[in-house]
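FYI, the numbering just counts along the sequence from 1.
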Amino acid sequence: MAIGNKDRKKKSFLQKIFSRERDGRKLSKRRDDSVDQSDSESLCPSSRGGSMISRQHVQSYKVFVATWNAGGISPHSGLNLDDFLQVDNLSDIYVLGFQEIVPLNAGNVLVIEDNEPAAKWLSLVNQSLNKPSKVAPRRMNTGSGALFFAKPSLRKISKNFRTESKRKLKSCNCTAEMERKHSMDFCCPLQQPNLSEVDFSSEEDDEDSLTNSFSNRNHMKYSLVASKQMVGIFVTIWMRTELVQYVSHLRICCISRGIMGCLGNKGCISVSFQFHQTSFCFVCSHLASGEKEGDELRRNLDVIEILKNTQFPRICRSPYSRIPEKILDHDRIIWLGDLNYRISLSYSDTRKLLEAKNWDALFDNDQLNIEREAGRVFKGWKEGKIYFAPTYKYSYNSDSYAGEVHKSKSKRRTPAWCDRVLWHGNGIQQLFYWRGESRFSDHRPVLAAFLVDVLTNGIGSSSKRGLSSSNMKIEIEELLPTKY
């Protein structure tokens with residue numbers, strides 16, 4: 001009889017447990033149904049294969065993206081980037097990709113990388129974003145007391161613009177909840193990847209010298225997060241200083257697609273990081289050139305090989321972290337650069353449509369548009385509507401295309417939209433897509449801005465952390481350039 005009572009108590013106890021578990025599942029399902037399933041999965045990479053982190057919030061941030069082929073010309077100290085960076089309408093994050101910052105000659109491709117132009121671009125970006133005093137002389141503390149543009153070092157210049165060490169940005173900050181749950185496989189906060197695989201900015205880290213100038217950075221509105229050069233390709237990412245603390249798992253991967261498919265005169269630099277609980281990947285590329293028939297297939301192959309071969313090293317010990325290692329595994333992906341796709345029309349036909357500003361007819365013959373619609377490249381990617389004139393090829397310091405000046409067919413180039421910005425993933429809304437009008441090189445820069453959703457745990461997700469969404473809802477008529 002006593003045994004029977006024990007069985008009944010045990011049965012009752014087990015029923016209560018399973019009842020609570022069923023109720024918990026129903027409650028969890030109702031909570032999950034209140035959020036779009038695809039967005040909730042893409043917003044939280046650490047939840048893939050694991051449980052959803054509690055108390056999640058979505059905060060929108062404004063991301064400015066620009067690509068510019070510099071034509072092998074090094075910038076001069078008087079070059080003003082205010083218009084290029086749209087400083088009258090500031091963003092939370094700036095992603096800037098340059099191509100041909102050095103001439104693509106044998107010396108730069110085969111011998112040693114010239115990083116002096118990259119250092120100059122960094123200094124000019126800082127001048128526009130952080131607006132130093134106009135009365136102060138143009139001088140940067142490079143450690144040697146040299147004039148700012150005398151012979152800048154990318155290594156020393158970069159340290160002046162960072163507010164967080166590279167080690168901190170590369171480290172893993174997986175949530176304490178996840179570490180408690182999987183205490184045997186926790187993520188070491190200071191776990192450092194192999195620097196040869198994820199070199200931050202072409203130089204070794206030097207924490208001692210970094211601390212010497214922290215006191216001078218309290219006034220900085222924007223901080224350098226990442227910079228990397230591969231021959232002529234250069235990427236630099238800046239972020240509002242108060243947001244940098246939420247960046248982790250920073251990794252960089254370079255893929256060479258140049259001469260013989262292995263040299264760095266063509267290829268890409270990809271930057272991956274976690275911002276709050278959302279993974280980002282920015283790919284800056286310079287693809288195969290040429291306007292002969294069939295050259296677009298070489299560009300397609302470059303894209304395919306970049307997606308296939310880009311591999312970000314794993315820096316988390318925990319198997320539950322799910323930090324992405326491939327480009328397409330990220331939540332938010334933006335691809336920018338000189339993609340080199342041309343317009344499949346004769347020079348004369350292209351000029352006629354250009355003069356009539358018939359962008360739709362030109363775009364119907366755009367190689368990238370044709371290849372995407374055929375499903376041969378960038379399948380599932382998006383690009384904004386193009387309302388601007390082709391960005392290549394101009395005569396230097398001129399508003400005339402090269403064909404108008406050079407009558408010789410060998411020097412003439414059919415105008416084309418070589419410079420593009422595409423994106424992949426949910427939670428990305430494009431605010432504008434246009435071109436700049438600087439005459440600095442034979443390309444016009446292309447600019448874009450996005451409103452990007454980021455999953456946070458409630459920390460730093462107040463209105464102070466992101467620029468006001470209401471300020472970003474600008475009518476398209478106000479954004480379009482008046483000239484084109």
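Residues Leu287 and Asp338 fail the side-chain proximity criterion, which asks for heavy atoms closer than 4.5 Å. Inter-residue side-chain proximity for Val271 and Val235 is flagged as met; some heavy-atom pair is nearer than 4.5 Å. Side-chain contact between Ile327 and Ile306 is present, with heavy atoms from C-beta onward closer than 4.5 Å. Using a 4.5 Å heavy-atom cutoff, the side chains of Leu447 and Gln86 are in contact. Residues Ile315 and His249 meet the side-chain proximity criterion, which asks for heavy atoms closer than 4.5 Å. Taking the side chain as every heavy atom from C-beta outward, Trp238 and Phe161 approach each other to under 4.5 Å. Two residues are said to be in side-chain contact when any heavy atoms from C-beta on lie closer than 4.5 Å; Arg372 and Glu383 meet this criterion. Using a 4.5 Å heavy-atom cutoff, the side chains of Phe64 and Leu96 are in contact.
Rounding to the nearest 0.5 angstrom, the gap separating the CG atom in Leu301 from the CZ atom in Arg376 is 13.5 Å. Note that CD of Glu325 and CD1 of Ile323 are 9.5 Å apart. Values are rounded to the nearest 0.5 Å. The distance from atom CD1 of Ile101 to atom CE of Met230, rounded to the nearest 0.5 Å, is 11.0 Å. From Lys159, atom NZ reaches atom NZ of Lys156 across 8.5 Å, with rounding to the nearest 0.5 Å. Annotation: the span from Leu455 atom CG to His57 atom NE2 amounts to 9.0 Å, rounded to 0.5 Å. Atom-to-atom distance recorded for Ser227:OG and Trp121:CH2 is 15.0 Å, nearest 0.5 angstrom.
Of the possible donor and acceptor atoms, one in the side chain of Arg332 sits under 3.5 Å from a partner among the backbone N and O of Asp453. The main-chain N or O of Ser279 is found under 3.5 Å from a side-chain atom of Asp331 such that the two form a donor-acceptor pair. In this structure a side-chain-to-backbone donor-acceptor pair under 3.5 Å is missing from Asn126 to Leu122. Here the side chain of Ser123 pairs a donor or acceptor atom with the backbone of Ala119 at under 3.5 angstrom. Side chain of Ser272 to backbone of Cys281: no donor-acceptor contact under 3.5 angstrom is found. Lys62 contributes no side-chain N or O that, together with a main-chain N or O of Ala449, makes up a donor-acceptor pair within less than 3.5 Å. At least one donor-acceptor pair under 3.5 Å links the side chain of Asn130 to the backbone N or O of Lys221. Here the side chain of Gln229 pairs a donor or acceptor atom with the backbone of Val231 at under 3.5 angstrom. Although no hydrogens or angles enter the test, the distance criterion places no donor-acceptor pair under 3.5 Å between the side chain of Arg240 and the main chain of Glu242. The closest donor-acceptor contact from the side chain of Lys326 to the backbone of Thr310 lies under 3.5 Å.
For the residue pair Asn300/Tyr341, the side-chain donor-acceptor check at 3.5 Å is satisfied. No hydrogens or angles considered: a donor-acceptor pair under 3.5 Å links the side chains of Ser223 and Thr163. Looking at Asn340 and Lys266, their side chains never bring a donor and an acceptor atom within 3.5 Å of each other. No side-chain donor from either of Asn108 and Asp114 sits under 3.5 Å from a side-chain acceptor of the other. Of the N and O atoms on the side chains of Thr391 and Asp419, at least one donor lies less than 3.5 Å from an acceptor on the other residue.
The aromatic rings of Tyr94 and Tyr222 sit perpendicular, their planes meeting at an angle over 60°, well past the 30° parallel limit. Between His330 and Phe312, the ring planes lie perpendicular to each other; the angle is over 60°, past the 30° to 60° tilted range. The aromatic rings of Tyr433 and Phe388 sit perpendicular, their planes meeting at an angle over 60°, well past the 30° parallel limit. Note: Tyr392 and His443 have tilted aromatic rings, judged against thresholds of 30 and 60 degrees for the angle between ring planes. Ring orientation note: the planes of Tyr246 and His276 are close to parallel, at an angle under 30° on the 30°/60° scale. Using cut-offs of 30° and 60° for the angle between ring planes, the Phe282 and Phe280 rings count as parallel. A tilted orientation is assigned to the rings of Phe440 and His76, their planes being inclined by 30° to 60°.
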Show the numbers, then the answer: is there a side chain to side chain contact (heavy atoms under 4.5 Å, CB included) between Glu116 and Lys120? CA-CA 6 Å; Glu116 182 178 346; Lys120 291 180 178 181; 3.5 Å; yes

When you look at Phe450 and Trp423, which way does the ring-ring contact (aromatic ring centres under 6.0 Å, His included) test go after all the steps? CA-CA 10 Å; Phe450 301 90; Trp423 73 92; 5.3 Å; yes

Checking side chain to side chain contact (heavy atoms under 4.5 Å, CB included) for the pair Leu339/Phe378: CA distance, chi angles, key distance, verdict? CA-CA 12 Å; Leu339 306 191; Phe378 286 116; 4.2 Å; yes

Please report the C-alpha distance between Gln430 and Phe432 in whole Å, then the side-chain angles of each, then the deciding distance to 0.1 Å, and finally whether the side chain to side chain contact (heavy atoms under 4.5 Å, CB included) criterion is met. CA-CA 6 Å; Gln430 190 171 65; Phe432 66 75; 6.0 Å; no

Derivation and outcome, ring-ring contact (aromatic ring centres under 6.0 Å, His included), residues Trp335 and Trp381: CA-CA 9 Å; Trp335 192 308; Trp381 291 71; 5.7 Å; yes

Where do Gln127 and Leu81 land on the side chain to side chain contact (heavy atoms under 4.5 Å, CB included) test, with the steps shown first? CA-CA 8 Å; Gln127 283 183 9; Leu81 299 185; over 6 Å; no

Decide yes or no on ring-ring contact (aromatic ring centres under 6.0 Å, His included) for Trp359 and Tyr387, but give the supporting numbers first. CA-CA 7 Å; Trp359 310 139; Tyr387 290 103; 9.5 Å; no

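Summarising the geometry of Ile386 relative to Phe363, their closest heavy-atom pair is CD1-CE1, 3.9 Å, with the distance given to 0.1 Å. Smallest separation of non-hydrogen atoms from Lys228 and Cys254: CE-SG, 3.7 Å. Of all heavy-atom pairs spanning Ala389 and Arg435, the tightest one is O-NH1, 3.3 Å. Of all non-hydrogen atoms in Ser128 and Leu85, the two that sit nearest each other are CB-CD1, 3.6 Å. Residue Val244 comes nearest to Leu169 through the heavy atom pair CG1-CD2, 3.8 Å, listed as atom of the first residue, atom of the second, then distance. Residues Met220 and Thr241 approach most closely at O-OG1, 2.8 Å, considering heavy atoms.
Ion pairing of Arg420 with Asp366 is present here, as a side-chain N (NZ or NE/NH1/NH2) and a carboxylate O approach within less than 4.0 Å. Between Asp302 and Arg257 a salt bridge is recorded (basic side-chain N to carboxylate O distance below 4.0 Å). Using a 4.0 Å cut-off between charged nitrogen and carboxylate oxygen, Glu296 and Arg298 do not count as a salt-bridge pair.
If you run side chain to side chain donor-acceptor pair (under 3.5 Å) between Asn69 and each of Gln99, Glu100, Arg444, only Glu100 comes through.
Around atom CG of Asp83, no more than 12 heavy atoms belonging to other residues, nucleotides or ligands sit under 6.0 Å away.
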